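For clarity, every value in this text was computed on a predicted model and none was experimentally measured. Along the sequence shown, residues carry numbers from 1.
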Amino acid sequence: QVQLVESGGGLVQPGGSLRLSCVGSGFTLDYPHIGWFRQAPGKEREGVSCISSSDGRTYYIESVKGRFTISRDKAGKTVYLQMNSLKPEDTAVYSCAAQTRCPFTPSTRYDAWGQGTQVTVSS
(Lines give C-alpha, C1' and ligand atoms only; values in the text may rest on other atoms or scores of the structure.)
Protein backbone atom coordinates (compact mmCIF):
# COMPACT_ATOMS: atom_id res chain seq x y z
CA GLN A 1 0.00 0.00 0.00
CA VAL A 2 2.79 2.42 0.88
CA GLN A 3 4.71 3.67 -2.13
CA LEU A 4 7.90 5.70 -2.02
CA VAL A 5 9.86 7.35 -4.81
CA GLU A 6 13.29 8.90 -4.32
CA SER A 7 14.89 11.55 -6.49
CA GLY A 8 17.57 14.21 -6.40
CA GLY A 9 20.76 12.20 -6.64
CA GLY A 10 23.60 13.01 -8.96
CA LEU A 11 27.29 13.71 -9.33
CA VAL A 12 28.72 16.44 -7.15
CA GLN A 13 32.20 17.61 -6.19
CA PRO A 14 33.44 17.30 -2.61
CA GLY A 15 32.02 20.13 -0.56
CA GLY A 16 28.97 20.39 -2.77
CA SER A 17 25.31 19.93 -1.93
CA LEU A 18 22.35 17.87 -3.00
CA ARG A 19 18.77 17.64 -1.84
CA LEU A 20 17.07 14.29 -1.98
CA SER A 21 13.31 13.89 -2.03
CA CYS A 22 11.18 10.99 -0.92
CA VAL A 23 7.60 11.22 -2.09
CA GLY A 24 5.22 8.86 -0.39
CA SER A 25 1.62 7.82 -0.50
CA GLY A 26 -0.57 5.31 1.30
CA PHE A 27 1.13 5.62 4.69
CA THR A 28 -0.20 3.39 7.41
CA LEU A 29 -0.20 3.38 11.19
CA ASP A 30 2.09 0.36 11.15
CA TYR A 31 4.93 2.23 9.41
CA PRO A 32 4.39 5.90 10.23
CA HIS A 33 7.93 7.28 10.01
CA ILE A 34 10.32 7.86 7.12
CA GLY A 35 14.02 7.14 7.16
CA TRP A 36 16.87 7.67 4.74
CA PHE A 37 19.39 4.92 4.14
CA ARG A 38 22.46 4.46 2.03
CA GLN A 39 24.36 1.53 0.66
CA ALA A 40 27.75 1.56 -1.01
CA PRO A 41 28.97 -1.38 -3.12
CA GLY A 42 30.09 -4.24 -0.90
CA LYS A 43 28.75 -2.54 2.22
CA GLU A 44 25.67 -3.11 4.31
CA ARG A 45 22.83 -0.67 4.13
CA GLU A 46 22.98 1.85 6.96
CA GLY A 47 20.40 4.18 8.34
CA VAL A 48 21.39 7.81 7.86
CA SER A 49 18.53 9.85 9.19
CA CYS A 50 14.89 9.62 10.09
CA ILE A 51 12.07 11.91 11.05
CA SER A 52 9.13 11.20 13.29
CA SER A 53 5.69 11.63 11.80
CA SER A 54 4.18 12.37 15.20
CA ASP A 55 6.41 15.02 16.79
CA GLY A 56 8.92 15.89 14.09
CA ARG A 57 11.92 14.62 16.02
CA THR A 58 14.93 13.86 13.88
CA TYR A 59 17.85 11.50 14.11
CA TYR A 60 21.22 11.48 12.36
CA ILE A 61 24.16 9.15 12.44
CA GLU A 62 27.27 10.80 13.81
CA SER A 63 29.09 10.97 10.49
CA VAL A 64 26.49 13.28 8.93
CA LYS A 65 25.60 15.51 11.86
CA GLY A 66 26.01 19.15 11.01
CA ARG A 67 26.05 18.38 7.29
CA PHE A 68 22.71 16.68 6.55
CA THR A 69 19.25 17.91 7.45
CA ILE A 70 16.06 15.90 7.19
CA SER A 71 12.72 17.63 6.85
CA ARG A 72 9.19 17.07 5.66
CA ASP A 73 6.58 19.12 3.87
CA LYS A 74 3.50 20.45 5.57
CA ALA A 75 1.32 17.56 4.45
CA GLY A 76 3.90 14.99 5.43
CA LYS A 77 3.90 13.45 1.97
CA THR A 78 7.45 14.38 1.04
CA VAL A 79 10.57 13.96 3.13
CA TYR A 80 13.78 15.71 2.14
CA LEU A 81 17.39 15.10 2.92
CA GLN A 82 19.50 18.21 2.43
CA MET A 83 23.12 17.15 2.12
CA ASN A 84 25.81 19.79 2.45
CA SER A 85 29.59 19.59 2.62
CA LEU A 86 29.48 16.28 0.83
CA LYS A 87 32.45 13.97 1.08
CA PRO A 88 33.56 11.10 -1.18
CA GLU A 89 32.63 8.67 1.59
CA ASP A 90 29.02 9.80 1.21
CA THR A 91 28.91 8.10 -2.19
CA ALA A 92 26.16 5.49 -2.16
CA VAL A 93 22.69 4.63 -3.34
CA TYR A 94 20.29 6.47 -1.09
CA SER A 95 16.88 5.01 -0.37
CA CYS A 96 13.95 5.89 1.83
CA ALA A 97 11.65 3.57 3.67
CA ALA A 98 8.63 3.61 5.90
CA GLN A 99 9.50 2.40 9.36
CA THR A 100 8.02 1.67 12.74
CA ARG A 101 10.37 3.75 14.88
CA CYS A 102 12.60 6.78 14.83
CA PRO A 103 15.43 6.68 15.89
CA PHE A 104 16.70 3.35 14.65
CA THR A 105 16.68 0.48 17.13
CA PRO A 106 17.02 -3.29 16.83
CA SER A 107 13.24 -3.41 17.05
CA THR A 108 12.68 -1.08 14.10
CA ARG A 109 10.93 -2.61 11.13
CA TYR A 110 10.85 -1.27 7.59
CA ASP A 111 8.60 -1.47 4.59
CA ALA A 112 7.97 0.05 1.17
CA TRP A 113 11.56 0.69 0.14
CA GLY A 114 11.93 3.11 -2.70
CA GLN A 115 13.98 2.39 -5.80
CA GLY A 116 16.90 4.49 -4.63
CA THR A 117 18.87 7.37 -6.09
CA GLN A 118 22.60 7.40 -6.76
CA VAL A 119 24.76 9.98 -5.04
CA THR A 120 28.33 10.24 -6.25
CA VAL A 121 30.81 12.63 -4.66
CA SER A 122 33.96 12.93 -6.70
CA SER A 123 36.30 15.46 -8.27
Side-chain angles (χ1 to χ4, degrees):
Q1 185 68 30
V2 179
Q3 297 180 342
L4 302 173
V5 179
E6 305 97 335
S7 63
L11 175 64
V12 64
Q13 294 187 15
S17 298
L18 288 171
R19 189 179 75 161
L20 307 183
S21 298
C22 175
V23 180
S25 63
F27 294 102
T28 70
L29 294 176
D30 293 333
Y31 299 92
H33 315 296
I34 297 295
W36 281 100
F37 304 79
R38 65 186 181 186
Q39 186 170 27
K43 305 281 287 185
E44 291 188 347
R45 194 197 319 264
E46 65 174 344
V48 177
S49 180
C50 62
I51 185 167
S52 172
S53 65
S54 57
D55 58 14
R57 290 182 178 181
T58 58
Y59 168 82
Y60 305 91
I61 56 173
E62 186 66 29
S63 62
V64 308
K65 287 182 178 178
R67 300 190 297 119
F68 291 10
T69 303
I70 190 170
S71 63
R72 62 185 176 185
D73 65 5
K74 186 176 181 179
K77 296 296 184 180
T78 304
V79 176
Y80 304 96
L81 186 67
Q82 178 68 44
M83 305 185 295
N84 299 325
S85 301
L86 283 163
K87 304 175 180 179
E89 51 263 44
D90 295 318
T91 296
V93 174
Y94 284 72
S95 303
C96 60
Q99 57 193 70
T100 59
R101 293 179 180 272
C102 180
F104 307 103
T105 75
S107 298
T108 304
R109 299 291 181 266
Y110 313 95
D111 197 14
W113 293 96
Q115 188 66 34
T117 185
Q118 177 71 48
V119 172
T120 302
V121 185
S122 176
S123 297

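Remark: Lys87 NZ to Ser63 OG distance equals 8.0 Å, nearest 0.5 Å. With rounding to the nearest 0.5 angstrom, the OG atom of Ser95 is 10.0 Å from the CG atom of Leu20. Note: Asn84 CG to Thr69 OG1 = 6.5 Å, rounded to the nearest 0.5 Å. Rounded to the nearest 0.5 angstrom, Ser21 OG and Lys77 NZ are separated by 15.5 Å. Between the CZ atom of Arg67 and the OG atom of Ser17 there is a distance of 10.0 Å, given to the nearest 0.5 Å.
Connection of Tyr59 to Tyr94 is established within a shared hydrophobic cluster, with ILVMFWY side chains joined at heavy-atom distances below 4.5 Å, either directly or through further cluster members. Phe104 and Val64 fall within a single hydrophobic cluster, where Ile, Leu, Val, Met, Phe, Trp and Tyr side chains are chained together by heavy-atom contacts under 4.5 Å. Tracing side-chain contacts under 4.5 Å through hydrophobic residues (I, L, V, M, F, W, Y), one reaches Leu86 starting from Ile61; they form part of the same cluster.
The closest side-chain heavy-atom distance from Pro14 to Val121 is below 4.5 Å.
For residues 52-100, the disulfide bond (SG atoms under 2.5 Å apart) pairs, not counting sequence neighbours, are Cys22-Cys96.
In summary, of the residues considered (Val119, Asp90, Leu81), a side chain to side chain contact (heavy atoms under 4.5 Å, CB included) with Arg38 occurs for Asp90 alone. Of the residues Val23, Asp73, Ile51, Leu4, the one that meets the side chain to side chain contact (heavy atoms under 4.5 Å, CB included) test with Val79 is Ile51.
Of the possible polar contacts, one joining the Thr117 side chain to the Gly9 backbone as a donor-acceptor pair under 3.5 Å is found. Looking at His33, its side chain never comes within 3.5 Å of a backbone N or O of Ser52 through a donor-acceptor pair. No donor-acceptor pair closer than 3.5 Å links the side chain of Gln115 to the backbone N or O of Glu6.
Among all heavy-atom pairs drawn from Gln118 and Thr91, the shortest one is NE2-CG2, 4.0 Å. Closest heavy-atom contact between Arg101 and Ser107: NE-CB, 4.0 Å. Contact record, Cys50 with Gln99: CB-NE2, 3.7 Å, taken as the closest heavy-atom pair.
Neither side chain, Thr120 nor Ser122, offers a donor N or O lying under 3.5 Å from an acceptor on the other.
Gln82 CD: more than 12 foreign heavy atoms inside a 6.0 Å radius.
Contacts of Tyr110 classified as ring-ring contact (aromatic ring centres under 6.0 Å, His included), with partners at least two apart in sequence or in another chain: Phe37, Trp113. Under the ring-ring contact (aromatic ring centres under 6.0 Å, His included) criterion, Tyr80 pairs with no residue, sequence neighbours left out.
Between Asp30 and Arg109, no side-chain nitrogen of the basic residue sits less than 4.0 Å from a carboxylate oxygen of the acidic one, so the salt-bridge criterion is not met.
Residues Tyr60 and Phe68 keep their aromatic ring centres 6.0 Å or farther apart.
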